[in-house]
Amino acid sequence: MMRTMLILGGTVLALAGCAKPGAPPAPPAQAEAEKIVADTEVSFTGGNVEAIMGHYADGAVVFDPSVLDPSNDRAMQTKWTAGYVTMKPSDQTVGSRHVQVLDADTIVASGVMSFTAAVGPTRQMLRTRYTDVYQKQADGSWKIVHEHMSGPPPETPMP
């Protein structure tokens, strides 16, 4: 019995030694990457500035569609987000989404997002094209480190 335990124990140790130390971590599965992106996008119509900003890494570079220059200033990005929240976005749909897993630490999501928002005295359907680069953080969370949004080309029909 003791001999069997020693043999089994030795086999387990030998197999454990087969794992290569320092092997790169596996990238997320496609379904996991798509869930990360979808969970982030759901927060965009929740009306909570802090919840939305929680999906962005400190120092993220963001292009706001209404401002020419990008910003990595979190206070400015929070101000932009607060302005967006005051528009009370709802009825969000995401079409033409593409999620690319580049490696164990990087996901790129791009697509076209439509939503209804208060624009002046009326509610209108708006649409934006976007690219978000997600990076895995030291704590295991995924945060947007780069975002570029732009309006659709002129004369593009609404869905």
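Note that the coordinates shown come from a computational prediction; the quantities given were computed from them, not determined experimentally.
Counting only N and O atoms by type, the side chains of Y130 and E41 include a donor and acceptor under 3.5 Å apart. R129 and S96 share no side-chain donor-acceptor pair at under 3.5 Å. Residues D73 and S71 bring no donor and acceptor atom of their side chains to less than 3.5 Å of each other.
If you take CD1 on I107 and CD1 on I144, they are separated by 10.5 Å, rounding to the nearest 0.5 Å.
A donor-acceptor pair is defined here as one N or O able to donate and one able to accept, closer than 3.5 Å; no such pair exists between the side chain of R97 and the backbone of M113. Looking at K136, its side chain never comes within 3.5 Å of a backbone N or O of A104 through a donor-acceptor pair. Judged purely by atom type and a 3.5 angstrom limit, T40 uses its side chain to pair as donor or acceptor with the backbone of I36. Remark: side-chain polar atoms of Q77 are paired, donor with acceptor, to backbone N or O of A60 under 3.5 angstrom.
Within the 4.5 Å cutoff, side-chain heavy atoms of I52 are placed close to those of V85. The closest side-chain heavy-atom distance from S114 to Q92 is not below 4.5 Å.
Within the 6.0 Å centre-distance limit, the rings of Y84 and F115 are counted as a close aromatic pair.
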Between F63 and H146, does a side-chain contact (heavy atoms from CB on, under 4.5 Å) hold up when you go through it step by step? CA-CA 8 Å; F63 285 80; H146 183 95; 3.8 Å; yes
